[in-house]
2 protein chains.
Amino acid sequence: MELENELKVWRARRDITQAQLAEAVKLSRQTIHSIERGKFVPSVLSALKIAAFFGTNVEAIFFARRDER
Amino acid sequence: MELENELKVWRARRDITQAQLAEAVKLSRQTIHSIERGKFVPSVLSALKIAAFFGTNVEAIFFARRDER
DNA sequence: TCATAATGTAAAGAGTACTTGTCATTATAT
DNA sequence: ATATAATGACAAGTACTCTTTACATTATGA
């Protein structure tokens, strides 16, 4: 089960940088960058903070894709 | 920022045990138990699986409570 | 009472989220 | 061209998620 996300899209909608998002949700820029690039699966707390910042819910940003084979 | 959850309530609604939930979402019973008791903050993937199982969204189960003081 | 199921607690180990720091690459604008 | 901002990559270290195993406690029911 992989995790995908549309963080980049949401940032584009709001026209904010990774650094600005990081600051807003109190995470480091590297963490935002890594999440955005799918380097790792964030905690639900990080996800909740990000979703809240964008005024949406977690499911609108993060998607569990069942691994195809 | 603390994390609270209503896992126990949702389990009660569906009348299923920790073990049944664990099996359904492919997590160990200990993990379900620990999440339920707030022992740690789960990954967003775990949260998504649990929310999907209950047919709801993450925000309906997990709450970020800003530490009051 | 006795058996069984469900929940709670604990501990060790593996894997990983997240931070801080540093540097390279790419875009934007003057 | 060159300065600056934004993004991308990498690495070391700390803290924590999650699994497995094992055992204790509490509920339920015959």
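Labels below follow one simple rule: chain letters A, B, ... track the order of the sequence lines, proteins then strands, and each chain is numbered from 1. Below, all heavy atoms of this structure are taken into account, side chains as well, without hydrogens, waters or symmetry copies.
For the pair Glu36(B) CD and dT9(C) P, the interatomic distance rounds to 11 Å; values are reported in whole Å. Rounded to a whole Å, the CG atom of Leu45(A) is 13 Å from the P atom of dC16(D). Between the P atom of dT25(C) and the NE2 atom of His33(A) lies a distance of 14 Å, rounded to the nearest Å. Between the C1' atom of dT16(C) and the CG atom of Leu27(B) lies a distance of 15 Å, rounded to the nearest Å. Rounded to a whole Å, the CZ atom of Phe62(B) is 13 Å from the C1' atom of dT17(D).
Residue contacts shown for Arg37(A) are limited to sugar-phosphate atoms, with no base heavy atom under 4.0 Å away. Ser34(A) comes within 4.0 angstrom of no nucleic acid atom, judged by non-hydrogen atoms across all strands. Residue-level contact check: Ser28(B) touches the bases, meaning some heavy atom is under 4.0 Å from a base atom. Backbone-only engagement by Ser43(B) is indicated by non-hydrogen atom pairs under 4.0 Å involving sugar-phosphate atoms exclusively.
For Phe40(A), whose side chain is taken as the heavy atoms from C-beta onward, the closest listed nucleotide among dC18(C), dG8(D), dT17(D) is dC18(C). In the set dA9(D), dC18(C), dT9(C), dT9(C) carries the atom at the smallest distance from any side-chain atom of Gln30(B).
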Step by step, work out the side-chain contact (heavy atoms from CB on, under 4.5 Å) result for Leu21(A) and Val25(A). CA-CA 6 Å; Leu21(A) 175 57; Val25(A) 299; 4.0 Å; yes
Check the pair Val58(B) / Asn57(A) against side-chain contact (heavy atoms from CB on, under 4.5 Å), numbers first and verdict last. CA-CA 8 Å; Val58(B) 172; Asn57(A) 58 357; over 6 Å; no
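Of the residues in residues 6-20 of chain A, none lies under 4.0 Å from DNA chain C by heavy-atom distance.
Remark: the Arg29(A) side chain and the dG21(C) base include no donor-acceptor N/O pair separated by less than 3.5 Å.
Side-chain contact annotation: Thr31(B) with Ser34(B), donor-acceptor N/O pair under 3.5 Å absent. If you check the side chains of Ser43(B) and Ser46(B), you find a donor sitting under 3.5 Å from an acceptor.
Of all non-hydrogen atoms in Val44(A) and Leu3(B), the two that sit nearest each other are CG1-CD2, 3.6 Å. Between Lys8(B) and Glu36(B) the shortest heavy-atom distance is CG-OE2, 3.6 Å.
Glu23(A) contributes atom CD, which lies 9.5 Å from atom OG1 of Thr17(A) (distance to the nearest 0.5 angstrom).
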